[in-house]
Trainee: 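Pasting in a structure now, in structure tokens, and then I'll have a few things to ask.
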Amino acid sequence: MSAQQSQGIQTLLEAENEAAKIVQQARQYRVQKLKDARTEASKEIEEYKKTKETEFKEFEASRAGTTSNAQAAIDKDTEVKIDAISESYNKNKDVVVKKLLDRVVLVKPELHRNLKKVES
């Protein structure tokens with residue numbers, strides 16, 4: 001009976017070892033699948049990033065022309081306004097200086113409107 005028991009025990013130990021090997025292989029397989037999935041995800045992320053960068057550069061390039069055109073229009077408008085202001089200044093400066101000098105030099109002495117005459 002003891003030989004049969006030892007043979008049964010031996011069979012159980014072998015089955016346990018085989019099960020441990022299968023579990024180990026399953027773990028290695030799972031780890032490998034995770035690594036593969038991470039690698040694949042990284043590749044997809046890089047491809048997506050490159051695609052979006054390309055789209056952004058194309059968008060930026062298409063808008064760059066309108067930006068420079070808008071800047072040129074603003075510069076031209078500003079130049080026109082500066083010329084108009086300079087022309088107005090040159091046209092009216094003599095008149096303004098004369099008015100200021102007249103106010104300072106030509107003083108008409110008169111009583112203030114709030115001052116009441118005191119009757120005696």
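Note that this is a predicted model, so its numbers are computed, not measured. Because only heavy atoms are used, hydrogens play no part in the values below, and waters and symmetry mates are left out as well, while side chains stay in.
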Trainee: Who passes side-chain hydrogen bond (donor to acceptor under 3.5 Å, both in side chains) against Glu55, sequence neighbours left out?
Mentor: Lys52
Trainee: Connecting only ILVMFWY residues whose side-chain heavy atoms lie within less than 4.5 Å of each other, what is the rest of Ile9's hydrophobic cluster?
Mentor: Leu13
Trainee: Keeping to residues at least two apart or across chains, list the salt bridge (Lys or Arg N to Asp or Glu O under 4.0 Å) pairs with something in residues 11-33.
Mentor: none
Trainee: Tracing side-chain links under 4.5 Å among I, L, V, M, F, W and Y, which residues wind up in one group with Leu100?
Mentor: Val96
Trainee: Determine which pairs satisfy salt bridge (Lys or Arg N to Asp or Glu O under 4.0 Å) with at least one residue from residues 34-50, sequence neighbours left out, and list them in order.
Mentor: none
Trainee: Please list, chain by chain and in numerical order, all residues satisfying side-chain hydrogen bond (donor to acceptor under 3.5 Å, both in side chains) with Asp75, sequence neighbours excluded.
Mentor: Gln71
Trainee: With a cutoff of under 4.5 Å between side-chain heavy atoms, which Ile, Leu, Val, Met, Phe, Trp and Tyr residues group with Ile85?
Mentor: none
Trainee: If you link I, L, V, M, F, W and Y whenever their side-chain heavy atoms are under 4.5 Å apart, who else ends up in the same group as Leu111?
Mentor: Leu115
Trainee: Can you tell me how far the OG1 atom of Thr39 sits from the CG atom of Leu34, to the nearest 0.5 Å?
Mentor: 10.5 Å
Trainee: Of all residues at least two apart in sequence or in a different chain, which pass the side-chain hydrogen bond (donor to acceptor under 3.5 Å, both in side chains) check with Gln28?
Mentor: none
Trainee: Can you list the residues that meet the salt bridge (charged side-chain N to carboxylate O under 4.0 Å, His left out) rule with Asp102, with sequence neighbours excluded?
Mentor: Lys98
Trainee: Salt bridge (charged side-chain N to carboxylate O under 4.0 Å, His left out) with Lys81: which residues, sequence neighbours excluded?
Mentor: Asp77
Trainee: Going by salt bridge (Lys or Arg N to Asp or Glu O under 4.0 Å), name the pairs with one or both residues in residues 84-96, residues two or more places apart or in two chains.
Mentor: none
